[in-house]
Structure formats: C-alpha cells, structure tokens
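Please find one structure pasted underneath; my questions will follow.
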Amino acid sequence: MTETLDPDDWGAFARAAHAALDRAITETASLRARPVWRPMPDGVRAALRQPLPQQPQALDTVLDEAWQTILSYPMGNTHPRFWMWYMGASSLTGALADFLAAFDGSNLGGGNHAAAETERQVIDWLKEIAGFPSGASGTLTSGGSAANLIALTVARNEAAEIDLRAEGLAALPRPLRFYASDQVHGCHQKAVELLGLGNRALRRIPTDAACRMDIAALAEAIAEDRRAGWQPACVIATAGTVNTGAIDPLPAIADLCRGEGLWLHVDGCIGALARLSADHRHLLDGMERADSLALDPHKSLHVPFEAGCVLIRDPQAHLRGFALHSEYLDPSARGIAAASWLLDLGLQTSRGFRALKIWMMLKEQGVDRFGRIIGRNIDQAHLLAARINGEPRLELLAPVTLDIVCFRYNPGGLDAEALETLNTEIMMRLQEAGTVAFSDTTVHGVHGLRAAICNHRTTDEDLDIAVSSLLATGDALVSGGLTAQDTIFQ
Ligand SMILES: *Cc1c(COP(=O)(O)O)cnc(C)c1O
C-alpha cells in the first residue's frame with residue numbers, strides 16, 4: 001500500500017476525533033467553574049522541550065498528551081472573567097469552522113471555488129456592518145496589525161507623487177508624514193517602520209483629557225509640516241483606543257482630511273464592530289467616511305484567532321498597492337484559475353480559509369445578537385465604572401466610552417510609585433488565584449489597572465466577583481495580611 005498521511009484505520013481515527021470534540025464541548029460548557037488561568041507546572045514545560053519525533057505514534061496517544069499538557073494550560077481568554085488587553089473569547093462554532101476550513105483545505109490565494117466566494121461574501125457583509133459602500137474593496141487578514149499595515153501601504157502609495165512601487169522611497173521629492181494620536185496602537189509604528197518611512201514619519205498628536213485626538217493640534221501640526229517641507233499624507237484616527245477605548249473626533253477629522261487632501265485611515269480594531277449595537281452605533285458616526293478601515297473579527301465577534309479585515313474605499317487604489325502580474329498565475333477562461341486573485345489584495349500568496357468561521361458565526365448567531373452582546377459589554381463597562389466611583393478605595397482613571405475601564409486601587413496616603421507597585425501586585429495575585437484577569441497600563445502618566453470587557457460570556461455577577469476580589473486583595477496587601485507582600489513597601 002502506498003504510504004500517505006491518511007489514517008490506516010478510519011474507525012479508530014473517527015473514535016479519537018469524536019472524543020476530542022466531545023471533550024472540547026464539555027470543557028467549554030464548564031469553563032466558568034475553572035480558574036481564569038493557572039501557571040504551568042515544570043513538568044508541562046519540560047514536556048514541551050522534547051526531541052524531534054522520528055517515529056509514528058497513535059493519534060489517541062498524541063491527543064492524550066496534548067490534553068494533559070498544552071490544552072490544560074491556555075491563556076485564559078475564553079473565560080468569562082478574562083479582561084486583559086483586548087481579545088475575543090472565541091467560540092465553539094468558530095472552532096468547528098476552523099476544523100472544517102482545514103478539512104476543505106482550499107488555498108484562499110484565490111481561484112474559482114466556493115471558499116474564495118465565501119471570502120467575497122464575508123467582505124461584503126463586513127462592508128455593510130462598517131457602513132462602507134458596496135463597491136469598496138477588502139480582504140481578510142491575520143489580524144488588525146496586518147489590516148492596518150495594508151491600509152497604510154495603500155495610503156502611502158496613493159499619497160506619493162511618484163510611482164512608489166517602481167521607484168522606491170529614495171525617489172520621493174518630499175518625505176511623507178502620517179498623523180495619529182499619542183494613544184495610537186503600536187502596530188502603526190511597526191507599519192511605518194516596515195514601510196521604510198521610519199517612526200519619525202508618524203507624528204503623534206496630543207490628546208484631550210478624554211484621550212481623544214486634539215483636532216486643533218492636528219491642524220497646526222499639518223500646517224507646520226507643510227512649511228517645513230514634509231508632505232502630509234494620511235491621518236490615522238482611532239475608533240476605540242487600546243488604552244481607554246476613546247474614539248477620536250471622527251467627523252471633524254474627516255472634514256479636515258477632505259480640506260487638506262489627506263487620506264483618512266480609521267483603526268477600528270476595537271470600536272468598528274460596535275456599529276452593530278443600536279444603542280452605541282452613534283459613537284462611530286463619521287467612520288464610514290474613511291478611505292480605509294481596519295477591523296478585527298477576532299475581537300468583538302469572538303471568532304477564534306486569527307481573523308482581521310481591512311476595507312479600502314477605492315478598489316483600484318487597493319489593487320494598485322498590491323496586484324502583480326505573474327505569468328504563472330494568469331487567470332484562465334474556465335477551470336480552477338478562472339477568477340481574480342485574492343492574493344492581489346495583500347501580502348500573502350497562500351492564504352487560509354478564515355472566511356468560513358466568520359461566515360458560520362454570522363449565520364448561526366445573526367448580527368442582532370452580536371450587537372446586543374457588544375452593547376452589553378459596553379453597558380457592563382459603565383456599570384463597573386459606577387461601582388468604582390462608588391468605592392472610596394477605587395479610582396477611575398479615564399472616562400468610559402466603549403468596553404474598557406481604567407482604574408486603580410488607592411487607599412490614600414501612598415505615592416505614585418507605591419500605588420503602581422501595589423496595583424501591579426493586586427493584578428498578579430488575582431491572575432495567580434485564577435479569579436479575574438486585569439492588565440495594566442499608564443493613562444496620561446498615571447499607572448493603573450485595566451478591564452477590557454470584550455467577552456460574550458461575562459455576566460454582571462462577574463463584575464461583582466471582580467470588584468469584591470479586587471478590594472479584598474488590595475485591603476489584605478495594605479494591612480499586611482498577606483505575608484509575601486511584606487516586601488512590597490520596603
Ligand atoms: C488589537 C488592536 C490592533 C492590532 O490588532 P491585532 O489583531 O492584535 O493584530 C490594532 N489597533 C487597535 C486599536 C487594536 O486594539
């Protein structure tokens with residue numbers, strides 16, 4: 001018999017696969033009863049430092065090992081009380097779709113097949129959600145970072161007064177300048193660095209007390225740069241900053257970009273999908289005027305990683321940025337190559353079938369339910385902020401706009417350094433206890449903790465558990481009730 005990668009015994013494969021699926025379902029159903037996170041024992045770490053496997057093993061054996069080691073120590077973001085950074089909580093339907101996408105096996109570089117059509121369908125749906133015209137272009141990406149990079153590439157090329165793809169940056173008559181608020185996500189710095197413009201080309205504009213871009217400072221910066229010989233190219237507005245969830249003044253920025261002839265890119269990785277919430281949609285007014293938009297289905301849609309999306313209003317500009325003519329990829333009149341290539345819309349040639357999980361989840365849940373859940377998370381952030389405002393030992397550090405709350409435990413009488421040490425310790429203890437996962441950040445120079453409630457499993461009771469364990473841990477640390485803590489104020 002010819003050796004292949006298929007099972008020798010299909011029946012045994014089916015039993016192992018069904019058991020794995022059953023276990024994933026059981027564990028997801030009982031997620032709430034487990035700690036948010038637990039540290040990996042040394043044995044598990046050691047189990048992941050083994051030599052290259054030379055000989056085959058039964059799938060059962062491999063699965064057993066995966067469950068005991070890898071799958072028992074996840075990051076924790078599927079748990080209802082994981083609120084670090086800004087992540088999705090995943091979904092079993094999405095996981096099933098990822099399996100089926102791998103089973104289908106199609107390469108989404110393009111071609112004449114249903115998987116490629118599914119991506120086109122999903123892009124059309126995402127355009128509708130974002131308020132973009134049906135004629136706009138778009139592509140699914142690994143995430144928001146790749147989506148923003150693609151958009152900034154198109155913005156750079158369109159702004160250049162030369163054929164940048166042919167001539168390169170050295171031929172630019174004037175250096176290009178991009179603008180974003182001082183709250184901009186780090187992926188934009190990586191993008192301008194990768195685009196050869198350098199971090200200097202990304203001018204950070206100060207923000208107001210609510211962490212929104214100061215529009216007068218933006219106008220002034222553009223005028224100053226023009227006088228100094230820069231070529232202003234693009235404003236990156238953020239709809240939902242990663243620090244506090246602030247939304248830049250989108251209509252005013254859109255007006256300014258139109259007046260100045262600048263490309264408007266909106267980083268909507270956190271906020272764009274809040275357009276699905278009838279109660280909060282108005283917060284995103286003006287976003288639909290962007291030339292390009294990045295959004296992130298693996299955040300508020302809880303699609304398993306990875307799934308991001310970039311939309312570009314002018315489809316020709318998108319193609320001018322990435323399309324190539326390769327003779328080995330000439331479309332044919334009929335057959336498998338009788339289609340435009342999706343690889344002409346981004347960096348990758350081979351591409352995974354990310355569209356299926358978005359397609360299946362939107363079909364199964366419907367957008368209204370996603371809107372209600374996104375709206376509930378925002379309401380929960382306001383609720384948490386109200387609880388914080390009502391507790392003398394807790395302090396809110398930034399206004400709440402979307403589903404992010406920045407705060408700190410502040411018993412009074414401690415300086416900034418001691419407060420930072422104390423809050424960091426509280427954060428780590430709550431993680432180690434598996435109670436609640438907060439992250440930390442610094443807002444306009446003040447360090448604090450942060451809850452990003454982008455989680456379809458979070459209930460209002462989870463907020464109560466979080467506040468009471470936060471207070472109990474802080475109180476115990478301050479009163480010296482926790483011995484290992486004696487070190488923190490020395
Ligand atoms: C998450 C995020 C990104 C990066 O997206 P990834 O999906 O993590 O690559 C960019 N911008 C903002 C505002 C984000 O919140």
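The first residue in the sequence is number 1, and the count goes up from there. The shown structure was predicted, so the numbers you read here are calculated from the model rather than taken from an experiment.
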* Any sub-3.5 Å donor-acceptor pair from His302's side-chain atoms to Ala89's backbone N or O? -> yes
* Asked: Would the number of heavy atoms belonging to other residues, nucleotides or ligands and lying under 6.0 Å from NE2 of His18 be above 12?
  ->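 Result for NE2/His18: open.
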* Does the distance from a Lys or Arg side-chain N to an Asp or Glu carboxylate O, for Arg32 and Asp462, drop under 4.0 Å? ->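 Between Asp462 and Arg32 there is a salt bridge, with a charged N closer than 4.0 Å to a carboxylate O.
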* Heavy-atom closest contact (Gly271 atom, Leu402 atom, distance) ->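 It is CA-CD1, 3.8 Å.
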* Could Asp314 and Arg320 be called an ion pair, given the rule that one side-chain N must be under 4.0 Å from one carboxylate O? -> yes
* Structure fact -> Taken to the nearest 0.5 Å, the spacing of His280 NE2 from Asp403 CG works out to 9.5 Å
* Asked: Gln431 versus Val36: any side-chain heavy-atom pair under 4.5 Å?
  -> no
* To do: Start with the C-alpha distance between Leu140 and Ile358, add both sets of side-chain angles, then the distance that settles side-chain contact (heavy atoms from CB on, under 4.5 Å), and finish with yes or no.
  => CA-CA 10 Å; Leu140 295 180; Ile358 305 178; 3.9 Å; yes
* Just wondering, are more than 12 heavy atoms of other shown residues or ligands nearer than 6.0 Å to CZ in Phe305? ->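 Enclosed: over 12 neighbouring heavy atoms sit under 6.0 Å from CZ of Phe305.
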* **Side-chain donor or acceptor of Lys357 paired with backbone N/O of Thr93 under 3.5 Å** => no
* Asked: Counting only N and O atoms by type, is there a donor-acceptor contact under 3.5 Å from the side chain of Thr61 to the main-chain atoms of Gln57?
  -> no
* Is it true that Arg376 and Asp379 have a side-chain N and a carboxylate O under 4.0 angstrom from each other? ->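 Result for this pair is no, no salt bridge flagged.
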* Under 3.5 Å, is there a donor-acceptor pair between the side chain of His318 and the main chain of Leu345? ->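 Confirmed, His318 side chain pairs with Leu345 backbone.
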* Distance-only donor-acceptor check, side chains Thr458 and Trp83, under 3.5 Å -> yes
* Asked: Do the side chains of Ile129 and Phe370 get nearer than 4.5 Å, heavy atoms only?
  -> no
* Asked: How many angstroms lie between CG in Leu63 and CZ in Arg23, if you round to the nearest 0.5 Å?
  -> 9.5 Å
* Compare all side-chain heavy atoms of Phe82 with those of Val436 and state whether any distance is below 4.5 angstrom. => no
* Asked: Checking side-chain contact (heavy atoms from CB on, under 4.5 Å) for the pair Leu342/Glu119: CA distance, chi angles, key distance, verdict?
  -> CA-CA 9 Å; Leu342 297 174; Glu119 176 154 343; 4.2 Å; yes
* Asked: For the residue pair Ile465 and Ser469, what are the closest heavy atoms and their distance?
  -> O-OG, 2.6 Å
* To do: Begin with the C-alpha distance, continue with both residues' side-chain angles, and end with the deciding distance and a verdict on side-chain hydrogen bond (donor to acceptor under 3.5 Å, both in side chains) for Asn243 and Gln183.
  => CA-CA 7 Å; Asn243 243 358; Gln183 301 292 305; 3.1 Å; yes
* Report the C-alpha separation of Arg156 and Phe178 in whole Å, then their side-chain angles, then the decisive distance to 0.1 Å, and conclude whether the side-chain contact (heavy atoms from CB on, under 4.5 Å) test is met. => CA-CA 9 Å; Arg156 178 198 66 173; Phe178 286 55; 4.0 Å; yes
* Asked: Got more than 12 heavy atoms from elsewhere within 6.0 Å of CG, Leu48?
  ->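 Check passes, neighbour count above 12.
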* Can you tell me how far CG of Leu329 sits from CG of Leu324, rounded to the nearest 0.5 angstrom? ->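 Answer for the CG-CG pair, Leu324 versus Leu329, is 9.0 Å.
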* Structure fact -> When rounded to the nearest 0.5 Å, the distance separating CG of Asp182 from CZ of Arg204 is 9.5 Å
* Asked: Do you know which two heavy atoms are closest between His113 and Ser106, and how far apart they sit?
  ->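 That would be CE1-CB, 3.8 Å.
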* To do: Kindly compute the distance separating CD1 (Ile374) from CZ (Arg369), expressed to the nearest 0.5 Å.
  => 13.0 Å
* Taking the six-membered ring of Phe132, is NZ or CZ of Arg313 closer than 6.0 Å to its centre and within 45° of its axis? ->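 The answer is yes; both the distance and angle limits are met.
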* Carboxylate-amine/guanidinium proximity below 4.0 Å for Arg38 and Glu432 ->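 Here Arg38 does not pair with Glu432 in a salt bridge, since their nearest N and O are not under 4.0 Å apart.
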* Can you name the side-chain contact (heavy atoms from CB on, under 4.5 Å) partners of Ala210, sequence neighbours left out? -> Asp208, Arg212, Pro399
* Closest non-hydrogen atom pair between Ile270 and Thr241, with its separation -> CD1-O, 3.7 Å
* Check for a donor-acceptor pair, side chain of Ser72 on one end and backbone N or O of Trp67 on the other, with a separation under 3.5 Å. =>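 Side chain of Ser72 to backbone of Trp67: a pair is present.
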* Asked: Is Lys127 reaching over with its side chain to a backbone N or O of Ala136, donor-acceptor style, under 3.5 angstrom?
  -> yes
* Worked check of side-chain hydrogen bond (donor to acceptor under 3.5 Å, both in side chains) between Tyr86 and Asp296 -> CA-CA 11 Å; Tyr86 199 98; Asp296 231 358; over 6 Å; no
* **Ser439-Arg450 side chain donor-acceptor pair, cut-off 3.5 Å** =>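 There is such a pair between these side chains.
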* **Heavy-atom side-chain proximity of Trp125 to Lys363 below 4.5 angstrom** =>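 Yes, side chains in contact.
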* **Pair Ser292-Trp263, side-chain hydrogen bond (donor to acceptor under 3.5 Å, both in side chains): steps then yes or no** => CA-CA 8 Å; Ser292 54; Trp263 184 280; 2.8 Å; yes
* Would Thr238 and Val266 count as a side-chain contact (heavy atoms from CB on, under 4.5 Å) if you check the C-alpha gap in whole Å, the side-chain angles of each, and the deciding distance to 0.1 Å? -> CA-CA 6 Å; Thr238 304; Val266 173; over 6 Å; no
* Asked: Is a donor on one side and an acceptor on the other found under 3.5 Å between the side chain of Thr141 and the backbone of Gly143?
  -> yes
* To do: Could you tell me whether the side chain of His79 and the main chain of Arg34 form a donor-acceptor pair under 3.5 Å?
  => yes
* **Minimum-distance pair of heavy atoms, taken over all atoms of Asp104 and Ala115** =>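 Nearest heavy atoms, Asp104 then Ala115: OD1-CB, 4.1 Å.
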* **Side-chain donor-acceptor pair present, Asp267, His185, cut-off under 3.5 Å** => no
* Heavy-atom check, side chain of Leu295 versus side chain of Leu273, under 4.5 Å ->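 They are in contact (side-chain heavy atoms under 4.5 Å apart), so the answer is yes.
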* Asked: For residues Gln380 and Asn377, is any side-chain donor paired with an opposing acceptor at under 3.5 Å?
  -> yes
* Between Lys190 and Glu193, does at least one N-O distance fall below 4.0 Å, as a salt bridge requires? -> no
* Asked: Counting heavy atoms not belonging to Asp330, are there more than 12 under 6.0 Å from its CG?
  ->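 Buried by this count: over 12 neighbours within 6.0 Å.
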* Does a sphere of radius 6.0 Å around CZ in Arg165 hold more than 12 heavy atoms from other residues, nucleotides or ligands, not counting ones at 6.0 Å or beyond? ->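 Count over threshold, so yes.
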* Asked: Is a side-chain N or O of Asn112 found less than 3.5 angstrom from the main chain of Ala337, in a donor-acceptor match?
  ->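 No, the answer is negative, given that no donor and acceptor are paired below the 3.5 Å cut-off.
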* To do: Determine, stepwise, if the pair Asp98 / Arg354 fulfils salt bridge (Lys or Arg N to Asp or Glu O under 4.0 Å).
  => CA-CA 8 Å; Asp98 256 355; Arg354 298 187 176 104; over 6 Å; no
* Asked: Are there more than 12 heavy atoms of other residues, nucleotides or ligands under 6.0 Å from atom CG of Asp22?
  ->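 Yes - once you tally the heavy atoms of other residues, nucleotides and ligands closer than 6.0 Å, there are more than 12.
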* CG of Asp285 to CZ of Arg275: how many Å apart, nearest 0.5 Å? -> 8.0 Å
* Asked: What is the minimum heavy-atom distance between Arg81 and Thr435, and which atoms define it?
  -> NE-O, 2.7 Å
